[in-house]
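Heads up, the thing below is written out as structure tokens.
Order of the sequence lines sets the chain letters (A, B, ...), proteins ahead of strands, with each chain counted from 1. As the structure is a computational prediction, the values presented were derived from the model and not from experiment.
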Amino acid sequence: MEVLPRNTIHHLRCPVLDVVELEGGHCRLRFHAPPIARSSIPGQFVNVRLPGRIDRPRAFDSYADVVEYHKTHPVGEAPFLLARPFGVHRAGADGWVEILFKVVGRGTRLLAGAALGSRLDVLGSIGNGFNLTQPPQTAVLVAGGTGIAPLYLLAERLHRAGSGLVVLVGTGFALPMTLSDSDEVVHFLDKDVTAVIDEYVDLGAVVRIATIEPRKGCHTGTSVDLLSQYLQALPPGERAGKAIFSCGPWAMQAAVAGLAARYAMPCQVLLEERMGCGLGACMACVCKIRQETGEYKYKRVCVDGPVFDANDVGWEARE
Amino acid sequence: MSEPKLAVDLAGLEMHNPLIVASGTFAYGEEFINVGGFKNEDIGAIALKGTTLEPREGNATPRVAETASGMLNSIGLQNPGADAVVRDVLPRLRAFDTRLIANIAGGTVEEYREVARRFARAPELDAIEVNISCPNVRRGGAAFGADPTAAADVVAAVREAWGGPLIAKLTPNVTDIAPIAAACIDAGADILSLINTLRGMVIDTATRRPVLGNNFGGLSGPAVKPVAILMVHQVYQIAREKNVPVIGMGGIAGANDAIEFIIAGASAFSVGTALFWNPSVCRQIIDGLRAYLIEHEIDDVSKLVGTLKTN
């Protein structure tokens with residue numbers, strides 16, 4: 001895969017413009033960062049840190065109000081906090097950037113509780129995004145869980161570049177996007193699989209959803225099932241001009257890579273790993289990547305990735 | 001008053017300011033320059049990533065875990081080997097107006113000697129730091145640094161191979177750091193640097209497994225600073241008698257932290273983990289240090305070294 005030249009990584013103090021709580025403990029956070037909004041390539045990420053104290057915009061009404069407030073704004077938080085990496089979800093021409101995440105620990109909890117107007121410490125955009133030098137006729141986007149977040153920016157850019165979109169989303173929990181029903185029948189799925197995500201439909205995408213627990217309009221299973229059925233139904237002559245783009249948990253992406261290899265489809269995967277610096281200096285976020293020599297070596301997810309060719313990733317090297 | 005003097009000379013390692021970026025937090029010097037506003041020239045010296053004779057893949061992931069006011073890491077000295085660093089990395093780094101310190105590690109005394117020999121051939125190099133304190137490798141590393149005799153053997157071997165400034169990097173994971181510091185000086189170390197990380201473990205209570213792939217790792221960040229300050233103070237008592245400068249490090253995240261180290265006895269200081277959460281920290285520390293010197297009417301940073309008034 002061609003490696004795009006690295007852009008300047010901006011280190012900015014960015015005011016929080018909006019924080020929206022979404023279904024299933026998800027949060028969509030918008031901040032003002034014009035240089036990052038302008039330069040972000042789909043698949044790149046921002047490293048976000050909440051510096052210092054969070055300010056309460058108004059007086060507490062009661063003791064219960066204080067208690068409620070402290071649930072999301074813990075007292076005595078140490079100032080030390082490593083930045084947390086998030087794929088860019090959306091970026092606006094007027095300079096805003098959005099990230100979309102699930103609250104899973106201390107960092108995401110603090111970010112979800114950020115006061116409007118408070119400033120985030122942001123580094124971005126970082127890493128090699130998806131290679132879009134030759135946009136496919138049809139892009140098949142496969143998302144697991146919050147993997148749908150960075151794929152949205154990709155969908156937007158591909159749509160603008162004229163690619164058709166098939167978006168296959170698997171989720172074990174509630175989706176942080178707008179669900180509705182489509183009356184359009186997709187040929188590779190049962191007729192009752194009708195649930196779609198409006199944000200992707202607006203881009204002209206064919207969207208379908210898989211959920212672990214049965215849910216009306218959704219396929220019961222995983223995004224890998226949806227991809228498998230899509231590829232099975234695809235006549236071999238129609239594989240040309242199609243490419244797979246994937247983001248999600250490791251095991252799901254390993255399965256996506258396996259399907260892509262079986263059907264000889266190009267496939268780019270956006271990986272995530274626990275990071276220290278996000279700049280390539282600490283060597284923490286490594287995974288095994290095949291080199292030109294054929295041997296697998298640890299490469300940094302942050303700056304050597306986070307997007308890799310699915311064929312090059314040493315999937316079995318990790319549990 | 002006029003601009004205070006920030007330039008320091010540590011046993012022949014002449015730096016335009018006393019700020020060093022700590023080994024292992026700055027790779028091989030070419031990552032942070034991608035951040036807008038960051039300049040390698042703002043740094044007195046770069047301590048390069050710990051390097052062994054042969055390439056090393058490093059430890060299994062996860063390799064880092066955040067802790068209260070700190071970070072646990074177990075990278076395991078992932079590096080491309082000494083020859084690749086000398087051949088490919090050092091020539092590129094000469095473009096920056098900053099000093100270059102190779103940090104060398106090995107599993108045997110002989111490996112340390114050989115790595116030093118390889119680096120001694122590099123005209124770009126300004127100093128060698130002997131890493132006898134890495135907690136994350138099975139052989140060598142901190143095992144050498146925890147014993148005065150073994151530490152002296154490694155330092156003496158490197159001393160034979162390298163004529164320039166030689167730094168011994170000490171581990172805090174010992175009962176008494178003083179005899180180890182003394183042994184390193186007697187074996188030929190020109191400079192002592194401390195502290196490396198403190199050994200620690202983080203457990204995921206859901207799985208009852210250690211978070212790190214290597215089970216344990218080294219703790220760094222603001223959490224370790226008081227430990228480091230005391231050890232610098234202790235080592236300074238020995239080092240100053242022999243005219244050996246000390247490089248202090250451990251949890252420096254701002255100018256005041258750096259000033260604490262200088263007062264405790266450090267002639268220069270290293271910034272490491274703080275770079276991860278604030279890539280602009282180097283510039284901020286140098287500006288803050290300059291302001292402190294002006295405010296206290298000290299015309300040369302060297303005059304602040306070891307000025308601690310104990311109670």
(Q) I'd like to know if the side chain of B:Asp287 and the backbone of B:Leu289 have a donor-acceptor N/O pair within less than 3.5 Å. (A) no
Q) Do B:Arg87 and B:Asp83 meet the salt-bridge criterion of a basic N to acidic O distance under 4.0 Å? A) no
Q) Is a side-chain N or O of A:His11 found less than 3.5 angstrom from the main chain of A:Leu123, in a donor-acceptor match? A) no
Q | For chain A, the option from B:Ile75, B:Ile33, B:Asn59 that forms the most heavy-atom pairs under 4.5 Å | A | B:Ile75
Q. Just by distance, do the side chain of B:Asp257 and the backbone of B:Gly254 share a donor-acceptor pair under 3.5 Å?
A. yes
Q) Relative to chain A, which segment of B:Val21 carries a heavy atom at a distance below 4.5 Å: side chain, backbone, both, or neither? A) neither
Q.
Quick check for you: among B:Ala27, B:Ala223, B:Gly76, which has the greatest number of heavy-atom pairs under 4.5 Å with chain A?
A. B:Ala27
(Q) If we ignore hydrogens and angles and just use 3.5 Å, is the side chain of A:Gln268 paired with the main-chain N or O of A:Asn131 as donor and acceptor? (A) yes
**Q.** Contact leader toward chain B among A:Cys285, A:Gly276, A:Ala83, where contacts are heavy-atom pairs under 4.5 Å
**A.** A:Gly276
Q. For B:Ser280, is it the side chain, the backbone, both or neither that has a heavy atom under 4.5 Å from a heavy atom of chain A?
A. both
